[in-house]
Amino acid sequence: MSKAESEVLKSLIKILTSSKNPVDSLTPYTPLLTPTLLQSLVSSPSLSSHPSTLLSLHKLSLSLFPSLSSSPSFLLSLLPPLISRYKFSECKSLLLSFLSSDPQNTLFTSLVHHPSLSKPLLEISVSSYVQSGKPHLGLELFNLMKRLKKKPNLLTCNNLINGLVKFPSLHSIQLGKQVFHDSITLGVIPETSTFNILILGCCLEGKFNEAISFIEKMKDFGCFPDNVTYNTILAYLCKKGMLKEARDLLQDMKEKGLIPNRKTYNILVSGYCRIGWLKEASKIIDLMVQNDVLPDVWTYNMLINGLCGEGRIEEAVKLRDEMENLKVLPDVVTYNTLINGYFEWGCSEEGFRLVEEMREKGVEPIAVTHNILVKWYCKEGKMDEASERVRVMEESGLSPDKVTYNTLINGYCKAGKLAEAFRMMGVMLRKGFKMDTITLNTLLHTLCEERKLKKASELLITASKRGYLIDEVSYGTLIAGYFKVGNEDKAMKLWNEMKEKEIIPSIVTYNTIIGGLCQLGKTEQAIGKLNELLESGLVPAETTYNTIIHGYFKEGKVEKAFEFYNKMAKNSFKPDVFTCNILLSGLCREGMLEKALKLFDAWISKGKAIDGVTYNTMISSLCKEGRYEAAYHLVSEMKERNLGPDNYTYKAILDALTSAGRMKELEEVISKMVEAGKVHEQSLQSKEQNVKTSEILKESDPDSNACSVQIIELCNQGRYKDAMRIFRVSNEKGVALNKSTYIVLMEGLIKRRKGTTKSVQY
DNA sequence: CGATTGGGAT
């Protein structure tokens, strides 16, 4: 600093310390101010006892020299004097606004090397890092406090543990527990809330026994469980479908003298709805009314969702009307749930109608509403309409979110448009969304579909190293993939690996392994897994039972299949269309057509739902037996019920006629099909051929091949940037690449993510 | 600590 400058500094300090309106009196001198001067001013000891002046100077520098206020040293000269005047909340907002635009963590190193690192400064920094979504840096500061033998406040500890638990990255929950133990060692006295956070962590890891054991353990610290404690565990037990243990825990809660509140009841209602036990759910509602707790929008919404899950949409809509009468007004979630229900059960017109209706009733669609529509278009393979919907969504002022992008990526993958899927990943990243486990699992599934199991396994490992949370779905996807290619060993190995990692399989993952074993003709082993899941407290789903019944049929064990069917139907098993179709096709395959017909009639007279598959099963079998009259009768019946006929129906008839050599009838049927405009089979075949030939064309294009080979090679060498350069060039030239290339590029984007926490040196 | 949307199973 020049002599002149230090003179200016001196006079400015004088003005600032003697004036009543220090910063206003500075106005005439504003042109003289430089970043250096401002930095010197805020670091000047004479101003350290004037916190409001310091804060004003900070504001001033924000408008004059934005780059100065984003320098760590500037901020760190301000904080200690403010702290010494107890301006804690001001410090926190300064820190938070700084951290919100500090992606490179420039502050952190300066902070840990700061000469006057007081305890309050450390604590405020811990909380600020946690609040800005970087609990790991908060943890580093906590560990620094530990080394400096500074005892943190309970609030700081709770804050940090909470952050580690709720921003789950690899091992962060374990680290949260470590912080708890360290805090105890440092002499911190925990409160019930501390334990509630830890319990939430256990629940998120699926470690319910540990969660429950904390209820006893907290007493040693003079803490007692409250409603939050129990509601937390209940919520996660219900989420995982462990209703039996939830009921036991509710009992325990009551015995402890705690009074279940509305949330407690709603958690159970939602739990029963999720597993499809609607009767139990309404029993819970009776129970809550008995205890003078009235159902609210949440209760109704969950019940409506339960009904939708069972396909009982009309009843769900009735329930919405009932809400209106009871003045519990349906909200956007109610409508979203119903809209989703309609789409899920193939009533898209009603779905769209409801979107209009909600608007008329003054309920505005939100991102979720649009996402539901996008999902439906994706499921229908109408990707152009899906992206058109996203445009509409943006037009109405709503931004696509993670769910939107993941839905689109998955849609494009399923539609085989891998170039578009890759492009969407790029868009997602540009909009600031990191790819997550769901994106990863989508890609894993795509790899499995392509039978690239080795690549899928490799991706699982590298993604895990790059900090992705590998979950039960990731494993389930690979396990299903290995079963599909007949590699039972590898599938079982992954299952065991998953269990060793204490990743808790849900009913769906159990269904995967049960299905895999059944497919290999090992139904008895599958029963073993069924017992295992029961022991773990899970409730089998209809799929579980159906899969096993199917397994017995595959082994030709018809009696065993029915024995199992009857036994389970006495319990919680509610046979559905799938069950019906499995039984019918099983009987037919065993040549027991008469029994099948009997069952078919019995099923219909019970008023149970059947679908096109049911008809096709019977029609196919009747045709094979030469009973064409009966078959044609069913065809017209399915036509009446709007369940077909479809390509499978025609194929069944044509195949049977062909192999019976009844060419005359064959021609008749074909001409009837042409008449009815049903030339699907032929057109479909030629379409498939078109797709195939165009793919071959693409792949045999020398330009495309050369680029593909080059990109794959570069990606394998880890030279992703070079690969991208070639990709861009080929893209500009309009060269289409093959599937494998796009997959490799997508893997590259997944892997590009930063690894697990960088440990910072100080 | 509770409801709707995204990834895996018949």
Side-chain angles (χ1 to χ4, degrees), chain A residues 196-197 199-200 203 226-236 238-239 261-271 273-274 296-306 308 331-341 343-344 366-376 378-379 400-411 413-414 428 436-446 448 471-481 483 505-516 518-519 541-551 576-579 581-582 613:
Chain A
N196 287 343
I197 297 165
I199 284 171
L200 171 66
C203 289
D226 58 10
N227 273 12
V228 177
T229 319
Y230 279 95
N231 285 350
T232 305
I233 308 177
L234 284 171
Y236 284 85
C238 285
K239 251 182 208 154
N261 57 21
R262 187 175 280 141
K263 282 188 185 177
T264 319
Y265 290 115
N266 279 343
I267 286 165
L268 286 157
V269 170
S270 125
C273 284
R274 190 175 276 126
D296 62 357
V297 206
W298 295 74
T299 324
Y300 279 103
N301 284 346
M302 289 182 290
L303 209 50
I304 286 173
N305 191 36
C308 287
D331 61 4
V332 67
V333 175
T334 320
Y335 283 100
N336 287 345
T337 309
L338 287 169
I339 292 165
N340 188 50
F343 282 131
E344 212 100 285
I366 56 171
V368 176
T369 321
H370 292 279
N371 287 344
I372 290 168
L373 296 174
V374 171
K375 176 184 75 166
W376 183 75
C378 286
K379 214 179 227 165
D401 58 14
K402 244 182 176 178
V403 176
T404 324
Y405 289 114
N406 276 332
T407 308
L408 288 169
I409 292 167
N410 184 46
C413 284
K414 291 262 158 73
M428 178 175 178
D436 59 9
T437 310
I438 300 212
T439 331
L440 169 69
N441 289 346
T442 302
L443 192 54
L444 285 175
H445 187 247
T446 308
C448 287
D471 68 3
E472 168 231 351
V473 181
S474 323
Y475 274 101
T477 305
L478 280 188
I479 289 169
F483 270 123
S506 71
I507 188 64
V508 179
T509 304
Y510 268 105
N511 290 342
T512 303
I513 195 136
I514 286 172
C518 285
Q519 207 189 322
E542 269 53 56
T543 309
T544 324
Y545 297 119
N546 289 338
T547 307
I548 290 173
I549 294 168
H550 199 183
D576 57 13
V577 209
F578 283 91
T579 323
N581 294 341
I582 289 165
V613 178

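The structure presented is a predicted model; accordingly, all values stated were derived computationally and were not measured. Numbers restart at 1 for each chain; the letters A, B, ... are given by sequence-line order, proteins then strands.
In this structure, A/Glu472 reaches the bases: a heavy-atom distance under 4.0 Å links it to at least one base atom across the strands shown. Using a 4.0 Å heavy-atom distance criterion, A/Asp331 is classed as a base contact. Across all strands shown, A/Thr543 has heavy atoms under 4.0 Å from base atoms, whether or not it also approaches the sugar-phosphate. Residue-level contact check: A/Lys379 touches neither bases nor backbone, having no heavy atom under 4.0 Å from any strand. Residue A/Thr404 is classed as having no contact, given no heavy-atom separation below 4.0 Å to the nucleic acid. Residue contacts shown for A/Asn261 are absent, as no nucleic acid heavy atom lies under 4.0 Å away. Across all strands shown, A/Asp226 has no heavy atoms under 4.0 Å from either base or sugar-phosphate atoms. Here A/Thr437 lies in heavy-atom contact (under 4.0 Å) with a base.
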message: side chain to side chain contact (heavy atoms under 4.5 Å, CB included) for A/Ile199 and A/Thr229? Distances and angles first, verdict last.
response: CA-CA 7 Å; A/Ile199 284 171; A/Thr229 319; 3.5 Å; yes
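For the pair A/Lys239 NZ and B/dT4 C1', the computed distance is 13 Å after rounding to whole Å. Rounding to whole angstrom units, OH of residue A/Tyr236 and C1' of B/dA3 are separated by 14 Å. Rounded to an integer number of Å, the gap from CG of A/Asn340 to P of B/dA3 is 15 Å. The NE2 atom of A/His550 sits 15 Å away from the P atom of B/dA9 (whole-angstrom rounding). Atom pair A/Leu200:CG and B/dC1:P shows a separation of 6 Å (rounding to whole Å applied). In this structure, the NE2 atom of A/His370 is 14 Å from the C1' atom of B/dT4, given to the nearest Å. With rounding to whole Å, A/Asp576 atom CG is found 13 Å from B/dT10 atom P. Distance NE2 (A/His445) to P (B/dG6): 15 Å, rounded to an integer number of Å.
Side chain of A/Glu472 to main chain of A/Ser506: a donor-acceptor pair is present (N/O by atom type, distance under 3.5 Å, no hydrogens or angles).
Counting distance only, with no hydrogens placed and no angle test, the side-chain atoms of A/Asp436 and the base atoms of B/dG6 include a donor-acceptor pair under 3.5 Å.
By the 4.5 Å heavy-atom criterion applied to side chains, A/Asn406 and A/Asp436 are counted as neighbours.
Between A/Lys375 and B/dG6 there is a side-chain polar atom (N or O) within less than 4.0 angstrom of OP1 or OP2. Side-chain N/O atoms of A/Asn305 include one lying less than 4.0 angstrom from OP1 or OP2 on B/dT4.
Comparing B/dA9, B/dT4, B/dT5 by their closest approach to the side chain of A/Thr512 singles out B/dA9. The side chain of A/Thr232 lies closest to B/dC1, out of B/dT4, B/dG6, B/dC1. For A/Val228, taking side-chain heavy atoms from C-beta onward, the closest of the listed nucleotides B/dT10, B/dC1, B/dT4 is B/dC1. Proximity note for A/Val368 (side chain, C-beta onward) versus B/dT4, B/dA9, B/dG6: the nearest is B/dT4. Of the candidate nucleotides B/dT4, B/dC1, B/dA3, B/dA3 has the atom nearest to the side chain of A/Ser270.
Evaluation of the ring-ring contact (aromatic ring centres under 6.0 Å, His included) rule for A/Tyr475 yields no partner, not counting sequence neighbours. In terms of the side-chain hydrogen bond (donor to acceptor under 3.5 Å, both in side chains) criterion, A/Thr446 has no residue partners (sequence neighbours excluded).
Partner of A/Asn305 under the side-chain contact (heavy atoms from CB on, under 4.5 Å) criterion, out of A/Thr334, A/Thr337, A/Val333: A/Thr337 alone.
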